[in-house]
2 protein chains.
Amino acid sequence: MERVQTLLRNHDIRPSYTRMAIYRYLDENRNHPTVEAIHEALSASLPTLSKTTVYNTLHLFIRHHLVKEIDLQDHKRYDIVQEPHAHFKCDVCDTLYDIDIVPPNAPTHDDIVDVRDVQLVYHGTCKRCQQAV
Amino acid sequence: MERVQTLLRNHDIRPSYTRMAIYRYLDENRNHPTVEAIHEALSASLPTLSKTTVYNTLHLFIRHHLVKEIDLQDHKRYDIVQEPHAHFKCDVCDTLYDIDIVPPNAPTHDDIVDVRDVQLVYHGTCKRCQQAV
DNA sequence: TATATATTTGTAATGATTACATTTTTATGG
DNA sequence: CCATAAAAATGTAATCATTACAAATATATA
Ligand SMILES: [Mn+2]
Ligand SMILES: [Mn+2]
Ligand SMILES: [Zn+2]
Ligand SMILES: [Zn+2]
């Protein structure tokens, strides 16, 4: 029995071939890929894979707390890492780096009752792009 | 001489009537409005105002560091407040609340050279929406 | 006033995401 | 093994915020 298969089952997701492939891709490519990137990469081995299926599957994973969506100004990114952490987005090359700090808890606030998620994103230029004058 | 006029001049922006109106709206409505909201509100007094002009003007203000853009999953929001602070987005009513904490500085990181901006956004349900069972 | 420049406008294009109907695959029971 | 129902995957069309761009209008300058 494969690890990914049982993992999906444990999260009440039927482990179809496609779903396992998408999960494995996210697990092995922890660079916050876009839907486009996932679709393109898997099209080689799954020639009939549709973008709609990638969207559907990601939303399924999100509902079952296997994946988190990161909203940037352009495309959405998907992150399989569940531990709370921050990100750095290079606005030149669009790379999204993991930053290993835990975002601060929301302070008590009159208008806030229930906090379900935090996103801490830094923007700027990465080393590679800075050097490439 | 009006305050907004000199303020725009000081930021190297020619204070046209439209630009002053948009600036004033942001200054007086600090609820992180969308382009849609700005356009709709000002259309009453500026019937010929086009959405393109709202977009153009906001981007101009952003380039001159008068306004910050906040990227959420749906529409973009615009914030005239320059002091570093966080936000809470109610995913029920889409209200974006100001949270008065300063986002932590980015830690030193091998890949990062130049950090220009931070966005710290909490997601959840606000008090009003929680009560409205 | 004439001319150049800046601003605004209207319309069309873009492109990621969603909606939805159809097709294909999988599970189940006789 | 077949029949049938449910689940999964697909293809295409619609949506809609944002951008591109060219034309029109307003403003400054000489
Ligand atoms: Mn990450
Ligand atoms: Mn704010
Ligand atoms: Zn970079
Ligand atoms: Zn709310």
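Worth saying up front: this structure is predicted, and the values here are computed from it rather than measured.
Applying the 4.0 Å criterion to OP1 and OP2 of D/dT19, one finds that B/His59 has a side-chain N or O inside that range. OP1 or OP2 of D/dA8 has not a single side-chain nitrogen or oxygen of A/Thr18 nearer than 4.0 Å. For the OP1/OP2 pair of D/dA7 and a distance below 4.0 Å, the side-chain nitrogens and oxygens of A/Arg19 include no atom meeting the criterion. Taking only side-chain nitrogens and oxygens, B/Ser50 comes nearer than 4.0 Å to OP1 or OP2 of C/dT9. OP1 or OP2 of D/dA26 has not a single side-chain nitrogen or oxygen of B/Arg14 nearer than 4.0 Å. Put simply, B/Ser16 has no side-chain N or O that comes within less than 4.0 Å of OP1 or OP2 on C/dT7.
Here the side chain of A/Thr52 is nearest to one of D/dC21, D/dT12, D/dA17, namely D/dT12. Proximity note for A/Tyr55 (side chain, C-beta onward) versus D/dT19, C/dT9, C/dT17: the nearest is C/dT17. Closest contact between the side chain of A/Thr53 and the listed nucleotides D/dA9, C/dT8, C/dT9 involves D/dA9. Taking only side-chain atoms of A/Thr48, from C-beta outward, the nucleotide of D/dT10, D/dC21, C/dT17 with the closest atom is D/dT10.
Residues B/Tyr97 and B/Ile70 do not share a hydrophobic cluster, defined by chaining ILVMFWY side chains whose heavy atoms lie under 4.5 Å apart.
Summary of the strand contacts: B/Val54 and A/Glu36 both lie near DNA chain C, and taking for each the nucleotide with the nearest heavy atom, the more 5' one is attributed to B/Val54.
Taking atom NE2 of B/His39 as the reference point, atom C1' of D/dA17 lies 14 Å away to the nearest angstrom. When the C1' atom of C/dT18 is taken as reference, atom CG of A/Leu60 falls 16 Å away, rounded to whole Å. Summarising the geometry, the separation between CG on B/Asp71 and P on C/dA16 is reported as 16 Å, rounded to the nearest angstrom. Rounded to whole angstrom, the span from the CD atom of B/Glu40 across to the C1' atom of D/dA17 amounts to 15 Å. Remark: C1' of C/dT9 and OH of B/Tyr17 are 18 Å apart, rounded to the nearest angstrom. Per the geometry, CZ belonging to A/Arg77 stands 16 Å off C1' belonging to C/dT17, to the nearest Å. Here the C1' atom of nucleotide C/dA16 and the CD atom of A/Glu69 are 12 Å apart, to the nearest Å. Atom CE of B/Met20 and atom P of C/dT7 are 13 Å apart (whole Å).
Counting any heavy atom pair closer than 4.0 Å across all strands shown, B/Asn56 reaches a base atom. Residue contacts shown for A/Lys51 are absent, as no nucleic acid heavy atom lies under 4.0 Å away.
Under the 4.0 Å criterion applied to side-chain N and carboxylate O atoms, A/Arg116 and A/Asp114 are assigned as salt-bridge partners. By the 4.0 Å N-to-carboxylate-O rule, A/Lys89 lies too far from B/Asp71 to be salt-bridged with it. We find that B/Asp98 and B/Arg30 are not joined by a salt bridge, their nearest charged nitrogen and carboxylate oxygen being 4.0 Å or further apart.
Of the possible donor and acceptor atoms, one in the side chain of B/His64 sits under 3.5 Å from a partner among the backbone N and O of B/Leu60. B/His32 places a side-chain N or O within 3.5 Å of a backbone atom of B/Leu96 that can act as its donor or acceptor partner.
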